Amino acid sequence: MSGEYYELLKKRALNALKLAKTAFSYRDYDSTAREAEYAAQLYVKAVIYRVTGEEVRGHNIRSLLGYLASVLFENDFEELAHEITDFTRRKRRILAELEEAHTRAAYSPFEYNKKEAEALINATKELIEALRKIERKLFG
């Protein structure tokens with residue numbers, strides 16, 4: 001099941017990113033933001049599952065990345081752990097905005113605009129690419 005669950009989470013993450021891009025093309029920026037957050041969250045969870053075999057709960061992307069970094073550090077993958085912490089530090093602000101996107105897009109009186117939605121899609125794509133790079137280093 002471990003490989004199957006990882007693939008399922010990864011597929012869901014990439015599908016959410018596609019939905020975000022589609023919503024963006026229709027100028028539905030709230031849906032763009034919500035799906036971008038979901039894609040980022042699911043992809044981090046997929047990588048955590050692939051590395052640890054654990055299903056993690058929670059939605060805070062920075063906390064999930066911190067957990068992944070600590071697991072890598074504990075397993076003597078210090079360089080990869082530092083890559084994650086450096087990425088999180090450099091992208092702290094946009095990751096915080098991404099974390100809030102689901103709730104803000106669904107429940108607040110705030111509406112996302114084109115520039116904000118595009119920034120969230122780009123942040124999600126950068127995060128997924130950074131995680132893919134780490135996966136290649138870990139698993140080939």
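Quantities reported herein were computed from a predicted structural model and do not represent experimental measurements.
Lys137 NZ: more than 12 foreign heavy atoms inside a 6.0 Å radius. More than 12 heavy atoms of other shown residues, nucleotides or ligands fall within 6.0 angstrom of atom CD in Glu78.
Arg62 has its side chain within reach of Glu99: a pair of non-hydrogen atoms, C-beta onward, lies under 4.5 Å apart. By the 4.5 Å heavy-atom criterion applied to side chains, Leu14 and Ile128 are counted as neighbours. Under the 4.5 Å side-chain criterion, counting only non-hydrogen atoms from C-beta, Arg57 is in contact with Glu55. A 4.5 Å side-chain heavy-atom check between Tyr5 and Arg50 finds every atom pair outside the cut-off. In this structure, Asn15 and Arg12 have side chains that are not in contact, with every pair of non-hydrogen atoms separated by 4.5 Å or more. Leu131 places a side-chain heavy atom less than 4.5 Å from the side chain of Leu68.
The aromatic ring centroids of Tyr6 and Tyr49 lie 6.0 Å or more from each other.
Taking CZ from Arg34 and OG1 from Thr103, the interatomic distance works out to 10.5 Å, rounded to the nearest 0.5 Å. Taking CG of Asp28 as the start and CD of Glu35 as the end, the distance is 9.5 Å to the nearest 0.5 Å. Atom CG of Leu127 is separated from atom CG of Asn122 by 12.5 Å, given to the nearest 0.5 angstrom.
Minimum heavy-atom separation, Ile48 to Glu54: CG2-O, 4.3 Å. Counting all heavy atoms, side chain and backbone alike, Leu98 lies closest to Glu37 at O-CG, 2.9 Å. For the pair His59 and Leu64, the tightest heavy-atom approach, listed with the atom from each and the gap, is C-CD1, 4.5 Å. Residues Thr32 and Ala20 come closest through the heavy atom pair OG1-O, 3.4 Å. Counting all heavy atoms, side chain and backbone alike, Glu83 lies closest to Ile134 at OE1-CG1, 3.9 Å. The minimum heavy-atom distance linking Ile84 with Leu65 is given by the pair CG2-O, 3.4 Å.
A distance-only check finds no donor-acceptor pair linking the side chain of Glu118 to the backbone of Lys115 [under 3.5 Å]. Remark: side-chain polar atoms of Thr85 are paired, donor with acceptor, to backbone N or O of His82 under 3.5 angstrom. The closest donor-acceptor contact from the side chain of Glu135 to the backbone of Val47 lies at 3.5 Å or more, if one exists at all. Not one N or O on the side chain of Thr124 forms a donor-acceptor pair closer than 3.5 Å with the backbone of Ala39. Proximity of a side-chain donor or acceptor of Ser70 to a complementary backbone N or O of Tyr67 within less than 3.5 Å is detected.
By the criterion of side-chain heavy atoms lying less than 4.5 angstrom apart, applied directly or through intervening Ile, Leu, Val, Met, Phe, Trp or Tyr residues, Leu19 is not grouped with Ile61; the two fall into different hydrophobic clusters. Hydrophobic clustering, with ILVMFWY side chains joined whenever heavy atoms are under 4.5 angstrom apart, keeps Tyr26 apart from Ile121. With hydrophobic clusters built from ILVMFWY side chains whose heavy atoms lie under 4.5 angstrom apart, Tyr107 does not share a cluster with Tyr38. Linking ILVMFWY side-chain heavy atoms closer than 4.5 Å, directly or via other members, places Leu138 and Phe73 in two distinct hydrophobic clusters.
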Could you go step by step and tell me if Phe110 and Tyr112 meet the ring pair (Phe, Tyr, Trp, His ring centres under 6.0 Å) rule?
CA-CA 7 Å; Phe110 173 84; Tyr112 284 92; 4.9 Å; yes

Show your working on side chain to side chain contact (heavy atoms under 4.5 Å, CB included) between Tyr29 and Glu116 and close with a plain yes or no. CA-CA 8 Å; Tyr29 303 128; Glu116 294 161 334; over 6 Å; no

- Take Val51 and Phe139, measure what side chain to side chain contact (heavy atoms under 4.5 Å, CB included) needs, and give me the verdict at the end. CA-CA 9 Å; Val51 170; Phe139 303 107; 4.2 Å; yes

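Between Glu129 and Arg136, at least one side-chain nitrogen of the basic residue sits less than 4.0 Å from a carboxylate oxygen of the acidic one, meeting the salt-bridge criterion.
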